[in-house]
There are 2 protein chains.
Amino acid sequence: MATPLGRTRLEFIEVAGRVCQIVGLPRSVGQVYGLLYLSPRPLALDDIADQLSISKASVSTGTRQLAAWQAIRQVWVPGDRRDHFEAVGDLRELLRSVYSGFFSPKYAKTGRKLEVLLSTLEAERREGSVSRDDHDFYKERLAHLVQIQSRASKLLPLMEKLL
Amino acid sequence: MATPLGRTRLEFIEVAGRVCQIVGLPRSVGQVYGLLYLSPRPLALDDIADQLSISKASVSTGTRQLAAWQAIRQVWVPGDRRDHFEAVGDLRELLRSVYSGFFSPKYAKTGRKLEVLLSTLEAERREGSVSRDDHDFYKERLAHLVQIQSRASKLLPLMEKLL
DNA sequence: CAGTTCGTTCAATCTCGTTTGAACAGTTAG
DNA sequence: CTAACTGTTCAAACGAGATTGAACGAACTG
């Protein structure tokens, strides 16, 4: 079969690419994953580049990225010495690893920064560079942030479980 | 007071800007909100532009955006005919409105698209343009997506409640 | 050992969306 | 009415980062 891309696949690849773009990832990464996710057979690097009409370079970096996240895996196809790729079936596992590898660190960093801000604030108060009223105002606002942060810290693990 | 930006504010504005950038919003929007959130007094458009060293144009569009989300409100300061802005205290309310105004629609759209894909797939099967095996494969993959979608549809309202 | 075939790397290019300066319209003040 | 001031709009500039083509190195092939 000449494997013409069906309307279904095209639509899906489009969506996958767009999702990646929104999250701040290269569109090509999403396209590659989308193509592989809906591909009954593993595809070689060339095939991917051809079908998506993007350069091998993009596919090369994209596949490496996706493989690092274990979103796709490299499979060996007898009689072909090229690398072939297929999407890992369990999408939930992927979401989980993306979360713990990308989102969770950022989140933790934010938490630490918040603490730093609080101590900085106290320091500035002691220096007298902030009036009492302003100090109280700032403290209230930061306290609100801390509250949200703590709520989120309870919510996120829950998400991981339920998803 | 000449209101020199304290280290605290600078740090916070930096973070707010970065967060916006990650979510795909203009950095300036985050900066404006960050500045206002930590400002004990309402600020005029000029003040914001000055303190952030960005153009009035950016501030103008930014404030309008933020006001539309009710993240900030316009307040009248006696004796000054310029518009002044202050951040709305309740950040949770903001998160909720951002969710329902931006995220939720996108999510619904995705759901609809998924259904379209399923029917398209069936159509292609009937046309005979897809082999039975491939059809089954596609169906399985799409079913997985639908499953994730339905789980998420239960999770998101929960988030809204707990946050 | 040449000659291919693959995959990766990297500098150059291109693309997209933010940012800006300048012009504009509306409003107040003298 | 004119002048000053405020906020908005818009085309153009700019910058970040994705994409690409070409060159390279490695692995196979005959």
Side-chain angles (χ1 to χ4, degrees), chain A residues 13-36 42-69 71-86 102 106, chain B residues 13-36 42-69 71-86 102 106:
Chain A
I13 290 167
E14 159 93 22
V15 171
R18 208 165 288 273
V19 166
C20 272
Q21 239 177 344
I22 289 174
V23 186
L25 267 55
R27 174 163 76 256
S28 59
V29 169
Q31 291 174 308
V32 170
Y33 183 76
L35 177 61
L36 289 175
L43 296 179
L45 197 142
D46 301 310
D47 303 332
I48 300 173
D50 283 351
Q51 295 200 27
L52 294 178
S53 303
I54 61 180
S55 69
K56 282 201 308 174
S58 290
V59 178
S60 178
T61 57
T63 49
R64 210 142 26 80
Q65 182 101 253
L66 288 167
W69 293 339
I72 64 176
R73 71 165 69 95
Q74 231 165 337
V75 298
W76 177 67
V77 171
D80 195 331
R81 85 180 148 89
R82 297 174 298 174
D83 295 336
H84 287 243
F85 300 93
E86 69 177 10
F102 179 83
K106 296 253 178 194
Chain B
I13 290 167
E14 159 93 23
V15 171
R18 209 165 288 273
V19 167
C20 273
Q21 240 177 342
I22 289 174
V23 186
L25 267 54
R27 171 163 78 256
S28 60
V29 168
Q31 290 175 309
V32 169
Y33 183 76
L35 177 61
L36 289 175
L43 296 178
L45 196 142
D46 301 310
D47 303 332
I48 300 174
D50 284 351
Q51 295 198 28
L52 294 178
S53 303
I54 62 180
S55 69
K56 279 200 311 173
S58 291
V59 178
S60 178
T61 58
T63 49
R64 213 141 26 79
Q65 182 102 257
L66 288 166
W69 294 339
I72 65 177
R73 71 165 68 93
Q74 231 166 337
V75 298
W76 176 66
V77 172
D80 195 331
R81 88 180 145 88
R82 297 174 298 173
D83 295 336
H84 287 244
F85 299 93
E86 71 177 8
F102 178 82
K106 296 252 180 196

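Below, chain A is the first sequence line, B the second, and so on; all start at residue 1.
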Colleague: Could you check whether any side-chain heavy atom of A:R73 comes within less than 4.5 Å of a side-chain heavy atom of A:F85, counting everything from C-beta outward?
Modeller: no

Colleague: Could you tell me the separation between the CZ atom of B:R82 and the P atom of D:dA4, rounded to a whole number of Å?
Modeller: 18 Å

Colleague: How close or far is atom P of D:dT20 from atom CG of A:L45, stated in whole angstroms?
Modeller: 13 Å

Colleague: Without decimals, in angstroms, what is the distance between A:Q65 CD and C:dT8 C1'?
Modeller: 15 Å

Colleague: Once each nucleotide of nucleotides 9-30 of chain C is scored for protein heavy atoms under 4.0 Å, what B/S/- sequence comes out, 5' to 3'?
Modeller: B--------SSBB------S--

Colleague: Rounded to the nearest Å, what distance is computed from the CG atom of residue A:D83 to the P atom of nucleotide D:dA26?
Modeller: 16 Å

Colleague: In whole Å, I'd like the distance from the CD atom of A:Q74 to the C1' atom of C:dG7.
Modeller: 10 Å

Colleague: Rounded to the nearest angstrom, tell me the gap between atom CG in A:D46 and atom P in C:dC6.
Modeller: 6 Å

Colleague: Is there side-chain contact between B:W76 and B:H84, with heavy atoms separated by less than 4.5 Å?
Modeller: no

Colleague: For A:D47 and C:dC6, what is the distance between atoms CG and P respectively, to the nearest whole Å?
Modeller: 10 Å

Colleague: Whole Å only: how far is the CZ atom of A:R18 from the P atom of D:dA18?
Modeller: 16 Å

Colleague: Contact between B:V59 and B:L52 at the side-chain level, heavy atoms closer than 4.5 Å - yes or no?
Modeller: no

Colleague: If you look only at pairs with a residue in residues 14-33 of chain B, which of them pass as a salt bridge (charged side-chain N to carboxylate O under 4.0 Å, His left out), with sequence neighbours excluded?
Modeller: B:E14-B:R18

Colleague: So do the side chains of B:L66 and B:V29 get within less than 4.5 Å of each other, counting heavy atoms only?
Modeller: yes

Colleague: Can you pull the salt bridge (charged side-chain N to carboxylate O under 4.0 Å, His left out) pairs that have at least one residue in residues 44-59 of chain B, sequence neighbours excluded?
Modeller: B:D46-B:R82

